[in-house]
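For this chain, numbers begin at 1 and follow the sequence in order.
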Amino acid sequence: MKRLGTFAGIALVLVLTAVVARTCFSHDLIVRLMDRREIGFEEMMRDLKGGKVIYVGETHDNPYHHDLQLRIVRELHRAGVPLAIAMEMFTYESQDELDRWVAGETDPASFQRIYLKNWNFPWALYGDILLFARDRRIPLVGLNVPREVTRKVARQGFESLSREERRKLPPSITCDVDAAYMAMIRRSYSDHDTSAKTFKNFCEAQMLWNKSMAYHLVEYLKNNPGRTVVVITGSGHAVRGGMPVQVDREKPGLASRVVLPDPVVQNGSISVEDADYLWLSH
C-alpha cells in the first residue's frame, strides 16, 4: 500500500508539473466552441482566414488580449489577406485623422494625443497595433459615436437625447431592448455595477453602441468589399449577440468569426451561440 501511495504521489507531481509547464511555456489554450475541442493557434487561423469580419474581443486593460489581437492581425497580413482594422477606441469623427496616421502624415507624438482624445486607456495597450497598421498601411476604421452621447444614454436613457445629439447617430437608430437582450447584457457585463434602477438605461447604451458601430462597419464594407475587417472591441460588444448580430441584420450572409478571450460570460456557460473560439491563456 505504501508503494502504491508513492506511485500515486509521483503521478500527481508529474501531472502538476505538466500543468505548470504548460502554463509557463505554452502561450495558447484555444477552445473551438463548435465541438468543445482544444486546438492550436494555427488551426484557428486557418478558419479565420475564411471570414470577412473577425471580431476579437478584449478586456480593455488586459495587455495579453491586445497581444492576441495583434497576433491575429499579423498572421492574416502575413498570409496576404487584404485587411482593415476597425476599432471601438476611435469615433467615426476621427476617420480623417486615422487616414492621415496610416498614410504616415502624422508623427507618433501627435497621434498619441489624438488617441487619448478618443480613448482613456494607456497608449501602451494599443500602440503596437496602431504602429503595425501604420507601418503596413493597413486602414484603420473608427466605429464609435461620441462618448458623451453613450454616457448620457447610460445615465438617463435613449429618450433623454436632444435633437442635436441624435444627429451624431446613424439614421433611424432606435434602442428598443427586450428581455432576451437584457439577459445577454447581464451575462456579458456581470462585473459592471448596474442596479435595477439604471440597468435598462445601461442596456440601451449598449444597444446604441452596438448598432452604431455595426452601422459604421457595414458602411465601410460597402465601400471596400475587397477587404477583410478585424474588429477590435470589448468582449461585451464582440459577443455574437452584441455587435455581430446587428451587422448580420444590416448585411445578411456575411461570413464572420468571433474570438473571445477568457471566460467573459460569467453567469452561465459560453457556447457557440456566443462565439466561435475561446482563448483561455493567461
Side-chain angles (χ1 to χ4, degrees), residues 44-58 60 65-106 108 111 114-115 118-119 123 125-145 170 209-235 237-238 240 242-261 275-277:
M44 179 181 74
M45 288 306 308
R46 283 196 293 272
D47 179 50
L48 295 190
K49 290 170 189 174
K52 190 65 177 173
V53 180
I54 301 161
Y55 303 89
V56 190
E58 64 177 54
H60 299 316
H65 295 181
H66 304 302
D67 289 345
L68 172 66
Q69 291 165 338
L70 180 56
R71 286 178 69 203
I72 289 173
V73 167
R74 277 178 169 158
E75 179 60 23
L76 291 169
H77 181 266
R78 188 193 67 78
V81 177
L83 282 182
I85 303 171
M87 302 184 72
E88 172 193 352
M89 298 77 214
F90 293 90
T91 71
Y92 71 91
E93 296 174 322
S94 63
Q95 190 58 54
D96 287 345
E97 293 167 321
L98 291 172
D99 293 343
R100 285 194 290 272
W101 167 252
V102 171
E105 298 171 2
T106 307
F111 187 70
I114 293 166
Y115 163 82
N118 280 268
W119 198 241
W123 164 266
L125 291 168
Y126 298 88
D128 287 345
I129 296 171
L130 295 166
L131 288 166
F132 186 83
R134 184 198 62 174
D135 293 344
R136 303 305 192 280
R137 296 294 190 262
I138 298 172
L140 293 168
V141 184
L143 295 178
N144 221 328
V145 294
W209 221 322
N210 290 326
K211 282 189 171 184
S212 298
M213 291 197 293
Y215 173 86
H216 293 122
L217 175 59
V218 169
E219 288 298 299
Y220 180 82
L221 288 167
K222 286 178 181 176
N223 294 322
N224 301 272
R227 290 199 178 266
T228 292
V229 182
V230 176
V231 178
I232 293 178
T233 184
S235 291
H237 298 297
R240 202 171 292 284
M243 184 182 169
V245 73
Q246 301 298 333
V247 172
D248 291 345
R249 287 169 183 168
E250 293 290 326
K251 201 170 178 61
L254 196 65
S256 67
R257 305 288 188 273
V258 176
V259 181
L260 296 181
D276 297 288
Y277 299 97

Looking at every heavy atom in both [X] and [Y], which two are closest together, and how far apart are they?
X	Y	answer
G142	Q95	N-OE1, 2.9 Å
M243	L217	CE-CD2, 3.7 Å
L76	I54	CD1-CD1, 3.7 Å

Could you tell me whether a side-chain N or O of [X] sits under 3.5 Å from a main-chain N or O of [Y], the two making a donor and an acceptor?
X	Y	result
R134	V102	no
S235	E58	yes
H237	G57	no
K52	R227	yes

Is there a side-chain contact between [X] and [Y], using heavy atoms and a 4.5 Å cut-off?
X	Y	value
Q69	V259	no
E97	R100	yes
V73	R136	no
E250	V247	no
V145	H216	yes
Y92	L98	no
I114	W101	no
M89	N144	no

Hey, could you give me the [atom1]/[atom2] distance between [X] and [Y], rounded to the nearest 0.5 Å?
X	Y	atom1	atom2	value
L125	H60	CG	NE2	10.5 Å
I72	D67	CD1	CG	11.5 Å
W209	L143	CH2	CG	12.0 Å

